[in-house]
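Notes for the one structure printed next.
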Amino acid sequence: MERLRAPDGCPWDREQTFDSIKPYTVEEAYEVLEAIDNRDWPELAGELGDLLLQVLFYAEMAKEQSSFSIDDVLDRLSSKLIHRHPHVFGDMKADTSAEVKRNWEALKIEERKKRGTQENPVPPVKKDEKHSILAGVSSAMPSLPEACKLSSRAAQAGFDWPNVEGLFDKLDEETKELREQLNQFPPPGPRPQGRGMAGSGRTPVPENLQARLEEEVGDLFFVLVNIARYLSLDPESALRKTNRKFKRRFQWMEARLQESARTVDQTSMEELESLWQQAKREESGPSV
């Protein structure tokens with residue numbers, strides 16, 4: 001990396017900045033997840049290398065401006081692992097993963113407090129977040145994992161449903177609230193967008209109603225994230241797998257239609273639904 005960033009190195013690598021590399025970091029992280037979902041271990045080895053390259057890239061740029069080096073990154077990681085595993089490297093006792101997690105969260109809170117009193121403190125949090133258990137949950141992460149982190153932090157403090165049935169009651173409640181807002185929808189009510197150009201056939205909706213609908217749909221998502229958390233499932237992974245499943249089935253339909261020189265937009269909804277059911281049966285295999 002030093003060679004690539006040197007004056008006689010690669011012009012593209014020399015031009016990169018912290019901000020220009022950020023999109024690649026997100027992209028590489030998702031490619032790692034895709035390789036894991038596909039259980040493609042040779043591919044995963046390559047994708048992990050690509051993700052590691054992002055770390056090396058940031059560290060080299062930081063070294064050039066005398067901020068820190070890759071050695072500092074690794075030293076801090078090593079120190080953090082030792083500090084947060086006192087049941088392994090120290091005298092603390094933790095016999096279950098739940099105890100480990102509780103200790104881990106308590107140590108993180110302690111670390112945040114210490115950082116806030118150092119000469120070079122971390123950027124100050126907003127006044128109303130200063131002593132919040134939700135402080136430190138980054139709003140820069142994708143919304144699904146952010147929702148999962150927020151609800152998990154709240155649950156650790158005891159703000160949680162006593163059982164999963166309470167979550168399904170909440171889901172019914174939020175669905176009802178969305179339906180109530182839909183009663184205000186201009187006639188003839190919500191309809192599928194017209195085929196072709198995006199947005200064609202869409203009923204104009206007042207801005208304040210649009211905002212309320214967005215809020216209610218957001219509430220529905222948040223409850224679903226809590227259901228996933230309650231079941232120890234990763235909502236991001238669950239949705240990503242459903243996306244892949246939808247893509248597979250839709251492309252299967254397209255392939256069948258191409259056999260008769262047709263496309264999806266030339267086919268009735270009734271036939272598309274029939275093909276969709278066939279695609280599902282193809283995936284499940286012959287019944288026994």
Side-chain angles (χ1 to χ4, degrees), residues 1-6 9 13 16-36 41-125 129-142 145-146 148-150 152-153 156 232 234 236-237:
M1 182 54 64
E2 287 179 354
R3 178 76 177 85
L4 289 171
R5 294 273 298 176
D13 288 287
Q16 301 314 305
T17 66
F18 286 97
D19 290 319
S20 71
I21 290 297
K22 285 193 299 186
Y24 299 104
T25 306
V26 175
E27 181 182 335
E28 298 298 352
Y30 277 108
E31 288 180 0
V32 165
L33 299 184
E34 186 170 7
I36 294 172
W41 309 127
E43 182 68 14
L44 177 59
E47 297 300 348
L48 287 171
D50 292 344
L51 187 58
L52 177 58
L53 172 62
Q54 305 302 305
V55 177
L56 295 171
F57 217 132
Y58 290 123
E60 178 59 25
M61 290 188 289
K63 182 182 176 183
E64 292 167 4
Q65 65 183 32
S66 301
S67 297
F68 59 83
S69 70
I70 189 64
D71 293 330
D72 298 310
V73 173
L74 296 172
D75 284 344
R76 287 187 63 172
L77 174 58
S78 178
S79 297
K80 181 185 292 184
L81 289 173
I82 292 170
H83 178 65
R84 292 190 184 174
H85 292 83
H87 54 289
V88 176
F89 301 103
D91 300 325
M92 187 177 286
K93 189 174 177 60
D95 295 325
T96 67
S97 58
E99 289 176 354
V100 171
K101 191 172 182 182
R102 280 196 298 272
N103 293 341
W104 181 280
E105 291 299 331
L107 289 166
K108 283 171 67 176
I109 292 170
E110 178 189 321
E111 289 168 8
R112 284 197 293 270
K113 287 179 180 176
K114 285 182 179 177
R115 287 202 303 270
T117 59
Q118 290 171 349
E119 258 184 62
N120 298 308
V122 292
V125 294
E129 292 183 352
K130 196 168 186 180
H131 302 293
S132 171
I133 60 170
L134 303 181
V137 177
S138 173
S139 58
M141 69 173 71
E146 181 190 8
C148 201
K149 279 241 179 210
L150 290 170
S152 180
R153 288 277 184 93
Q156 287 166 19
S232 300
D234 174 15
E236 181 77 12
S237 176

Output, in order, the C-alpha distance, side-chain angles, deciding distance and verdict of side chain to side chain contact (heavy atoms under 4.5 Å, CB included) for Glu28 and Val32. CA-CA 6 Å; Glu28 298 298 352; Val32 165; 5.8 Å; no
Intermediate values then yes/no, side chain to side chain contact (heavy atoms under 4.5 Å, CB included), Glu64 and Glu60: CA-CA 6 Å; Glu64 292 167 4; Glu60 178 59 25; 3.4 Å; yes
Apply side chain to side chain contact (heavy atoms under 4.5 Å, CB included) to Glu34 and Glu47, showing your working. CA-CA 9 Å; Glu34 186 170 7; Glu47 297 300 348; over 6 Å; no
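In this structure, the side chain of Asn103 does not engage the main chain of Val100 through any donor-acceptor pair within 3.5 Å. Checked by atom type and distance alone, the side chain of Arg5 pairs as donor or acceptor with a backbone atom of Gln16 at under 3.5 Å. Remark: the backbone N or O of Ala135 is paired with a side-chain donor or acceptor of Arg153 at under 3.5 angstrom. Panel note: side chain Ser79, backbone Asp75; a donor-acceptor pair is recorded below 3.5 Å.
Annotation for Leu107 and Pro86: closest pair CD1-CD, 3.9 Å, computed over non-hydrogen atoms. Nearest heavy-atom pair across Ala62 and Phe18 is N-CZ, 3.7 Å. Contact between Ser139 and Glu146 at its shortest, heavy atoms only, is CA-OE2, 3.6 Å.
Salt bridge Lys63/Glu2: present, at least one basic N to carboxylate O contact under 4.0 Å.
Here CD1 of Ile82 is found 9.5 Å from CG of Leu77. Values are rounded to the nearest 0.5 Å. In this structure, CG on Leu51 lies 9.0 Å from CG on Leu33, to the nearest 0.5 angstrom. To the nearest 0.5 Å, atoms CE (Met61) and CE (Met1) are separated by 8.5 Å. The NZ atom of Lys80 sits 11.5 Å away from the OG atom of Ser78 when rounded to the nearest 0.5 Å. Distance check: Tyr58 OH to Leu53 CG gives 10.0 Å after rounding to the nearest 0.5 Å. Atom CZ of residue Arg76 and atom CG of residue Leu81 lie 12.5 Å apart, to the nearest 0.5 angstrom.
Scored by the salt bridge (Lys or Arg N to Asp or Glu O under 4.0 Å) test, Lys149 finds no partners at all (sequence neighbours excluded). Residues meeting the ring pair (Phe, Tyr, Trp, His ring centres under 6.0 Å) test with His87, sequence neighbours left out: His85.
Residues Phe57 and Asp13 have side chains in contact (heavy-atom distance under 4.5 Å, counting atoms from C-beta outward). In this structure, Lys93 and Glu99 have side chains that are not in contact, with every pair of non-hydrogen atoms separated by 4.5 Å or more.
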